Amino acid sequence: MKHVKKMVYSTAVAMLLLSGCSSKNVSSSEDYELSDISFPLKEEVTLKFLTQSSPLAPKDPNEKLIYQRLEEKTGVNIEWKNYTNDVFVEKRNLAIASGDLPDAIMDAGYGDYDLLKLAKDEAIIPVEDLIDQYMPNLQKVLEAAPEYRAMMTAPDGHIYSFPWIEELGTGKENIHSVDDFPWINVEWLDKLGLEMPTTTEELKEVLKAFKTQDPNGNGEADEIPMSFIINHGGEDPAFLFGSFGLGDNWDHTVVSNEGEVLFTAADEGYKEAISYFSELYKEGLIDVEAFEHDWNTYLAKGKDERYGMYFTWDKANITGMNEKYELMSPLAGPDGHVNVARTNGMGFDRGRMVITSANKNLELTAKWIDQLYDPHQSVQNNWGTYGDESQQNIFEFDEAAGMLKHLPLDGAAPVEVRQKTSINGPLAILDEYYGQVTTKPDDAAWRLDLMKEVMVPYMKAENTYPKVFFSLEELDKLSEIETDLFAYVNRKRAEWMTNGKVEEEWNEYLAELDRLGLQEWLEIKQTGYDRNQS
């Protein structure tokens with residue numbers, strides 16, 4: 001029934017596209033009949049783009065200094081239809097379905113299925129020829145790092161979108177290799193005379209001390225030994241699963257050193273890790289709200305310094321950039337096993353911008369988008385700019401060195417400064433830019449050092465699962481399977497941690513995984529991996 005509904009919906013959207021595209025488009029620009037374009041234009045023209053932004057950003061993107069400078073540099077005015085992040089997808093889909101197409105969609109947020117479906121319905125156009133003819137900045141990026149062209153290219157050989165690329169470290173030292181860092185309260189350790197734990201059993205004893213020995217010294221049993229947000233990326237406790245086997249990550253997918261795609265949530269070590277967490281829960285060492293609270297609640301308790309240990313990408317976001325919490329090293333499990341599972345994350349988003357079939361100024365649009373891939377421009381797109389007299393600046397520009405240098409944040413939250421001033425569109429920042437075009441942000445440099453020193457020595461896996469561009473048929477089947485498979489895995493993960501029944505129910509669980517399509521899912525993922533490697 002679910003598949004039938006999807007087909008009916010897709011057919012309806014296709015009909016709307018056909019009817020809409022045959023009528024006069026009011027959201028795209030007139031044909032300016034420009035060719036052999038060089039910037040700045042002699043006479044200003046307007047392109048019409050759809051985009052999204054944070055509620056913290058100006059409603060009119062042209063109030064951002066980055067866009068003002070781009071308009072001055074190119075002679076192209078962008079007429080924006082801008083929506084806040086929370087409603088953007090709905091508005092974007094309505095615009096496409098009605099056929100009321102802009103020239104392009106910036107910060108489009110499209111997944112692979114979206115791109116292939118829109119291309120099939122001729123709502124967006126292939127752009128590989130535009131790249132080759134009109135986009136020297138992007139060409140330089142793809143020549144320096146040819147793997148990105150392969151990742152941009154759909155199974156049919158076309159490129160349908162412009163990507164966001166942000167490199168910060170490579171291989172195991174990639175900043176995305178581990179997202180759920182474990183932060184432990186060393187102030188409490190010191191007060192109670194405890195050593196940093198090195199095994200899962202030692203961690204359990206430390207958590208017991210946090211619970212019973214009043215480390216915050218207020219005479220109340222209000223300490224929370226361990227907290228997390230279950231099934232929530234960087235706040236999930238997946239890091240500790242590495243002490244028991246393959247480990248775990250947000251998509252439960254790892255690749256063996258022999259190139260075999262494996263599902264972590266069917267591994268015996270996964271069962272042992274769940275048993276360990278259920279023991280902690282039974283002894284009252286896990287936050288009872290860890291299975292239901294949201295980010296704001298999690299943050300509030302962290303600000304109050306109630307956690308003995310918690311998980312997140314960067315402690316500055318929860319307990320502040322101070323010495324009270326330190327990163328805990330990987331722990332040896334019951335049999336001495338130590339492993340850090342790598343995520344499959346990387347700084348790459350395939351569907352960051354598309355050009356629609358309504359666009360009558362392809363050369364102009366392509367050359368404007370190419371400006372976003374200029375190294376200095378890309379750096380500002382991603383983080384923010386310099387010389388803004390109305391906003392806090394991310395950078396100062398060292399003209400002699402030709403470098404954008406990160407300024408101290410002076411206590412401001414990095415994400416908020418970025419949301420107010422950056423443009424979040426297509427960009428490319430290669431590792432080679434650091435030290436030449438820009439500096440590394442202090443928080444990123446610090447995290448990269450921690451990754452290298454604390455995590456990398458214990459990463460057993462040489463491979464990660466790449467950004468495979470699957471076909472529509474493969475994506476349909478993967479989506480159909482994952483909808484129920486991942487929901488089931490995540491539900492049982494939380495249930496077992498609290499009720500302790502993983503041993504009794506494990507065989508039944510494995511059978512249910514197969515019934516939900518795990519073996520077919522693995523086959524498709526393996527085929528995609530092998531295709532990508534060849």
Side-chain angles (χ1 to χ4, degrees), residues 10 13-14 16-18 20-22 25 27-29 31-37 47-51 92-93 95-97 99-143 145-165 348-373 425-428 466-476 528 531-532:
S10 297
V13 170
L16 278 167
L17 276 167
L18 290 172
C21 289
S22 63
N25 269 287
S27 289
S28 60
S29 300
D31 185 353
Y32 297 114
E33 300 182 356
L34 298 174
S35 60
D36 298 323
I37 295 164
L47 292 174
K48 298 180 180 181
F49 290 174
L50 178 67
T51 195
R92 179 200 68 189
N93 292 349
I96 292 290
D100 188 19
L101 303 178
D103 294 310
I105 304 176
M106 172 104 158
D107 199 7
Y110 279 132
D112 294 349
Y113 188 91
D114 299 315
L115 293 173
L116 293 175
K117 189 68 174 68
L118 290 167
K120 184 178 179 180
D121 292 335
E122 299 183 354
I124 62 174
I125 64 168
V127 297
E128 64 271 11
D129 290 343
L130 298 179
I131 293 171
D132 293 339
Q133 293 176 50
Y134 305 125
M135 305 186 72
N137 288 320
L138 181 52
Q139 286 176 42
K140 286 178 185 176
V141 171
L142 301 181
E143 287 165 7
E147 64 271 21
Y148 290 116
R149 183 180 280 272
M151 284 190 272
M152 292 160 61
T153 303
D156 64 5
H158 289 300
I159 297 174
Y160 293 110
S161 57
F162 300 101
W164 167 85
I165 299 167
F348 179 78
D349 176 4
R350 207 161 5 234
R352 192 53 67 105
M353 188 166 190
V354 296
I355 296 177
T356 77
S357 55
N359 190 306
K360 307 177 192 70
N361 299 280
L362 297 181
E363 179 183 342
L364 175 66
T365 305
K367 287 185 172 178
W368 187 90
I369 294 171
D370 192 52
Q371 299 303 305
L372 303 179
Y373 288 102
L427 58 90
K467 295 284 188 181
V468 175
F469 207 146
F470 290 103
S471 67
L472 268 176
E473 293 73 23
E474 289 170 326
L475 288 168
D476 263 330
R531 186 170 67 227
N532 182 272

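Predicted model, so just to flag it, every value in this text is computed and none were measured.
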Check: Where do Thr365 and Tyr134 land on the side-chain contact (heavy atoms from CB on, under 4.5 Å) test, with the steps shown first?
Finding: CA-CA 9 Å; Thr365 305; Tyr134 305 125; over 6 Å; no
Note to self: Applying side-chain contact (heavy atoms from CB on, under 4.5 Å) to Ser29 and Leu47, what does each step give before you reach the verdict?
What the structure shows: CA-CA 6 Å; Ser29 300; Leu47 292 174; 4.2 Å; yes
Next item on the list: Would you sort out whether Ile105 and Phe49 count as a side-chain contact (heavy atoms from CB on, under 4.5 Å), showing the intermediate values?
Entry: CA-CA 6 Å; Ile105 304 176; Phe49 290 174; over 6 Å; no
Next item on the list: Start with the C-alpha gap between Ile131 and Arg149, add the side-chain angles, then the distance that decides, and say whether side-chain contact (heavy atoms from CB on, under 4.5 Å) holds.
Entry: CA-CA 11 Å; Ile131 293 171; Arg149 183 180 280 272; 4.1 Å; yes
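Checked by atom type and distance alone, the side chain of Asp121 never pairs as donor or acceptor with a backbone atom of Ala123 at under 3.5 Å. Looking at Asp100, its side chain never comes within 3.5 Å of a backbone N or O of Ala95 through a donor-acceptor pair. Looking only at distances, no side-chain donor or acceptor of Glu128 sits under 3.5 Å from a matching main-chain atom of His158. Of the possible polar contacts, none joining the Arg531 side chain to the Pro155 backbone as a donor-acceptor pair under 3.5 Å is found. No donor-acceptor pair under 3.5 Å is formed between the side chain of Arg350 and the backbone N or O of Ser161. A donor-acceptor pair under 3.5 Å links the side-chain atoms of Asp370 to the main chain of Leu138, judged by distance alone. The backbone N or O of Gly111 sits less than 3.5 Å from a side-chain atom of Asp114, completing a donor-acceptor pair.
Rounding to the nearest 0.5 angstrom, the gap separating the CE atom in Met135 from the CD atom in Gln371 is 9.0 Å. Distance CD/Glu147 to CZ/Phe348: 9.5 Å, rounded to 0.5 Å. To the nearest 0.5 angstrom, Leu142 atom CG is 9.0 Å from Asp132 atom CG. Once rounded to the nearest 0.5 Å, the distance linking NZ of Lys360 with OG of Ser28 reads 3.0 Å. Interatomic distance, Leu372 CG to Arg352 CZ, rounded to the nearest 0.5 Å: 11.5 Å.
Listed here is the closest heavy atom pair of Leu472 and Lys120: CD1-CD, 4.0 Å.
No option in Asn359, Leu118, Ile355, Thr356 other than Ile355 meets the side-chain contact (heavy atoms from CB on, under 4.5 Å) test with Ile125.
A 4.5 Å side-chain heavy-atom check between Pro426 and Trp164 finds every atom pair outside the cut-off. Here the side chains of Leu362 and Leu130 are in contact, with some heavy-atom distance below 4.5 Å.
Ring pair Tyr373/Phe162 is tilted by interplanar angle, where 30° to 60° counts as tilted.
Partners of Phe469 according to the ring-ring contact (aromatic ring centres under 6.0 Å, His included) rule, which considers only residues two or more places apart in sequence or in another chain, do not exist here.
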